[in-house]
Structure formats: structure tokens, C-alpha cells
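Note sheet for the following structure.
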Protein chains: 2
Amino acid sequence: MEIWKEFEHNEITHSAAHYLMTINKLIDDLGYARVSDVARSLSITPGSASIMLKSLKEKGFLVEDKNRFLRLSEPGDRLAHSIKSHRHIMITFFRDVLHINPEQAEIDACKIEHLISTETGEHLLWFLQFLMCGDEHAKAFLERYWASKDKLCNLTSCPVCDKAGECLLVQLEPHEDGLTD
Amino acid sequence: MEIWKEFEHNEITHSAAHYLMTINKLIDDLGYARVSDVARSLSITPGSASIMLKSLKEKGFLVEDKNRFLRLSEPGDRLAHSIKSHRHIMITFFRDVLHINPEQAEIDACKIEHLISTETGEHLLWFLQFLMCGDEHAKAFLERYWASKDKLCNLTSCPVCDKAGECLLVQLEPHEDGLTD
DNA sequence: AATAAATGTTTGGCTACCCAAACTTTCTGT
DNA sequence: ACAGAAAGTTTGGGTAGCCAAACATTTATT
């Protein structure tokens, strides 16, 4: 399978992920979650919710008791938790490290939270932990990065090789005196 | 509009983005791009390609000459270039900074390349530029990060507050002695 | 020029997800 | 108990994108 077709092959769709997360949120906030509560919370019609929730039940992500109260199954809860974690990690990185405006950070994180792999989520978490847990080198790096950010944002030539003109992206290729790992 | 519904509201869909990028690639490689070339290159049927390419023409992202050769319009090319840039930035960050395995880095980058905002793409580029352009603090930070990564990966308690047990994610909340920006 | 091959388009069917509206079931208050 | 409200489901329609297969057109070969 070509890489670009992997886009359709995820553990769960964006929409379904939000159904699951909403059920947990409703149980936290209201104490229960029924079809109509989920529909209201997501601003979709009860008809759409009914169909999607039926399919999520059939897939084993949630269960319904005799009184039509919904709750997540163990796999459903694991999935919802994983996606919430990814969102939290992405928002933190975008907002607190990159200094992207918080609204945009939330939007971008929400779009990709269900798409990034467990591996990428974990590595990002470790990276953030190191960045934010008081290590002197991390502190110094971040301070210097933020301080030089405004200058960097206006760069039209590479700060290392000083070549101008071309797309700034070429600067991501390793330089002789840069870090190549 | 709630944030979660923004997922559907992008400049271009994942599929359409790859049609555009494929046309540029074909013109580079073959010198031209026709409907069937695009279909072959993307491993989809000519029928599907015909329909999608018609809609991309109608949207003004590409043009077709009298001999049915396709090329991107200015807006189409701008979009394709932006998405390729995002992919390049994400792959570089995932692979060369986070040390995610290259295949997974490519898959994840491909899934999100068309979803991240211009703002997020730019900030990530600046971050990478600072990380990779030879600054001493960046070098020291990366070396120390990579060196401590194995230890960090196995953490079950926070290296700052030393609290164990809970989800590691809580460690992303700012600590008293950590960096809070 | 005539046939064969390559190319392009249309049609009907599928999945996913949404809406509106009709319909059914269950709960609630008098 | 029974009417009305609330909750849940079904049906028909729409978008996006894929496939298979039939059909139409264009290009190439003899």
C-alpha cells in the first residue's frame, strides 16, 4: 500500500473519536450519556448520532445498558484516552514551545490527534518532558530560541551558509558545520 | 463552529492534495501528465482520476491544454508546494529530531501535511532552523536530549516532582521549578 | 483508410458521515 | 391510565472518494 493511502487506514475516524471522547466527558459532567446527550454535545442530529453510536457498539467500542445509558468499553476507553493524550501533547508543544496562538494550536491538534501513531505520540511526549522538566540545557535552549525567534522569522537567507534566494526549506538539509545526527 | 468540526474545513482534501503533487511530479519525471498518468501514478482507476481531476479543474487548481496535458494553475501550485513543505518539515522533525523511525515518520507526516495551518508550519520551520543551524545551545540541548532519551523513555515518575503512578501526561503541566514561559 | 490500442468518461455501487423529517418507543405528570 | 414530551430509530437525500465495467474518443500501426 502506498504511503498516501494510509490516510484512510486508522484505528478510528476523526468523527468516531469525538463520539467516544464525548461519552466520557458526559459521564464526567452529567453522570451519564444517552444518544440524545451525545447528539446535543456534538451539535449533530439525534438521527446521525443514533447511526454512528450503533456502529461504535457493533465495533465493540461502547456498551449500552438496559436503560440505554452508554459507556465506553475497555478498548473504546483506551482509544479515547490515547487520542486525548495526543491532543494534549500537541497543544502543549504548539502553544508552549512553538508559541503558536492557542486557538490555532487547538485547531491543529484536534485535526491530527487521531492520525499520529503511538510511536510519534510517545517520542513527542519524551521530547516535551525533557524540554519542560527543568534541565539547564533545555532552559537555555528554549530561552535562546524564543529570544532569536523574531529574527529567525524574518530570515531570507540561511544563518549558517548565508545563501539567500531559494526556498527556506533547503536550509533544513544538514550543513557541513550543522548537526547531522 | 465547534473545533472538532474544523476537521472537514481545509483548503484541500488529502486525496486532492496528492493529485496535485502527483501532477507536478509527473511533469518533472515524464515531462507531462495526463489523466491516465495520474491514475497510474496514484494506483487508482482512470475513472476515479477522471472525476477528481475534473473537479480540480472546476476549482481552478489545474488546467488542461488542447492535447489533454495537465498542469497546475498558480493557486494549485502554491497549494501543492505548501503541502510538500509541510511534509518535509514534519518528516525532518520526526526523523532527525525525535528519532522516530523513518517509515513511521513518513506515514505520520503524510497524514497531517495538508491539515496543519500555515502558522503551525512556519513556527515548526523556525524551530527546526534554530535546532539545526549550528547554535551552541541548540547543539548542547539536542546532544543532551538524545543522550537522556533512553532513560526518559522508561520514566514512570516525574523527573522534577518525582511523583509516580499517574499518567505521564500530567508531567506536561508546568512545575514550580520548571519552565512556564 | 481500417483496425487495434490507448486514453478518457460515464454509470451504478460501495463506505463514511452529515441533515431533515417521519415514525416508534419510552418516560413523565396529572 | 393516558396524553404529551422526550428520546431513539428509520428513511431519503447530499458530499467525497473509491471501484468495476461499459462506453466513447483519440492515437498508433499496418
Side-chain angles (χ1 to χ4, degrees), chain A residues 1-23 26 30-59 61-71 79 110-111 114-115, chain B residues 1-23 26 30-59 61-71 79 110-111 114-115:
Chain A
M1 187 62 73
E2 296 97 314
I3 288 176
W4 79 279
K5 292 194 178 176
E6 297 278 334
F7 184 67
E8 307 296 332
H9 300 154
N10 301 299
E11 275 200 274
I12 195 167
T13 65
H14 174 76
S15 184
H18 282 271
Y19 276 78
L20 296 189
M21 293 189 291
T22 295
I23 289 169
L26 282 168
L30 290 185
Y32 58 86
R34 295 163 305 173
V35 174
S36 57
D37 302 313
V38 174
R40 242 189 311 276
S41 181
L42 288 172
S43 304
I44 54 166
T45 61
S48 300
S50 178
I51 291 164
M52 174 64 95
L53 290 168
K54 188 171 78 174
S55 118
L56 289 172
K57 270 180 273 177
E58 284 162 4
K59 286 173 184 147
F61 290 137
L62 53 94
V63 288
E64 190 173 351
D65 67 21
K66 326 88 211 136
N67 298 312
R68 291 194 305 289
F69 290 121
L70 304 163
R71 58 181 181 75
L79 244 181
C110 180
K111 284 183 181 178
H114 68 298
L115 293 172
Chain B
M1 185 63 74
E2 296 97 315
I3 288 177
W4 79 278
K5 291 194 179 176
E6 297 279 334
F7 184 67
E8 306 297 331
H9 301 154
N10 302 298
E11 275 201 273
I12 196 168
T13 64
H14 174 76
S15 184
H18 281 271
Y19 276 78
L20 296 188
M21 294 189 289
T22 295
I23 288 170
L26 282 168
L30 290 184
Y32 58 86
R34 295 163 305 173
V35 174
S36 57
D37 302 313
V38 175
R40 242 189 310 278
S41 181
L42 288 173
S43 305
I44 54 166
T45 62
S48 300
S50 179
I51 291 164
M52 174 65 93
L53 291 168
K54 190 171 75 174
S55 118
L56 289 172
K57 271 181 272 177
E58 285 161 4
K59 286 174 185 147
F61 289 137
L62 53 93
V63 288
E64 189 173 351
D65 69 19
K66 329 83 212 136
N67 297 313
R68 292 193 303 288
F69 291 120
L70 304 163
R71 59 180 181 76
L79 244 182
C110 181
K111 286 183 180 177
H114 68 298
L115 294 172

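To find a chain, count down the sequence lines: A is the first, B the second, and so on, and within it residues start at 1.
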*Select from A/S50 and A/W4 the residue whose nearest nucleotide in DNA chain D is closer to the 5' end of that strand.*
A/S50
*Between A/E6 and B/C110, is any pair of side-chain heavy atoms under 4.5 Å apart?*
no
*asked:* Classify the ring geometry of A/F7 against B/F7: parallel below 30°, tilted from 30° to 60°, perpendicular beyond 60°.
replied: parallel
*Between A/A16 and A/N67, just flag the one whose closest nucleotide in DNA chain C comes earlier from the 5' side.*
A/A16
*Minimum heavy-atom separation for A/R68 to A/R34, with atom names?*
O-CG, 3.6 Å
*Under 4.0 Å: is that the gap between some side-chain N or O of B/K54 and OP1 or OP2 of C/dT10?*
yes
*Would you mind telling me which of C/dT26, D/dT27, C/dC18 lies closest to the side-chain atoms of A/S48?*
C/dC18
*Would you check if B/F69 and B/V63 make a side-chain contact, meaning some heavy-atom pair closer than 4.5 Å?*
no
_Is A/T45 close enough to C/dA20 that one of its side-chain N or O atoms is under 4.0 Å from OP1 or OP2 there?_
no
_On the nucleotide D/dG8, are OP1 or OP2 found under 4.0 Å from the side-chain N or O atoms that A/S36 carries?_
yes
*Could you check how far CG of A/L53 sits from C1' of D/dT9, rounded to whole Å?*
12 Å
*When all nucleic acid strands are considered with a 4.0 Å heavy-atom cut-off, which category describes A/S55: base, sugar-phosphate, or nothing?*
nothing
_Close side-chain approach of B/W4 to A/L42, heavy-atom, < 4.5 Å_ = yes
_Closest nucleotide among C/dA16, D/dC18, D/dG8 to the A/T13 side chain_ = C/dA16
*asked:* Can you work out whether B/I44 or A/D37 has the more 5'-proximal nearest nucleotide on DNA chain D?
replied: A/D37
*Please report, rounded to the nearest Å, how far the C1' atom of D/dT15 is from the NZ atom of B/K5.*
15 Å
*A/Y19 side chain N/O closer than 4.0 Å to the phosphate oxygens (OP1, OP2) of C/dC18?*
yes
_B/L62 vs B/L53 side-chain heavy atoms within contact, under 4.5 Å_ = yes
*Closer to the 5' end of DNA chain C via nearest nucleotide, is it A/P46 or B/R40?*
B/R40
*Provide, to the nearest angstrom, the distance between the CD atom belonging to A/E6 and the P atom belonging to D/dG17.*
19 Å
*Calculate the interatomic distance between A/E58 atom CD and D/dT9 atom C1'; express it in whole Å.*
13 Å
*B/F7 CZ to D/dA16 C1': how many Å, rounded?*
13 Å
*Please report, rounded to the nearest Å, how far the C1' atom of D/dA20 is from the CD1 atom of B/I51.*
12 Å
_By the 4.0 Å heavy-atom rule, please label A/S15 as base, sugar-phosphate, or nothing._
sugar-phosphate
*B/R68 has a side chain; which of D/dT26, D/dA7, C/dT11 sits nearest to it?*
D/dT26
_Rounding to an integer number of Å, can you tell me how far B/R34 CZ sits from C/dT7 C1'?_
7 Å
*Atom-to-atom span, CD1 of A/I12 to P of C/dA16 - whole angstrom*: 12 Å
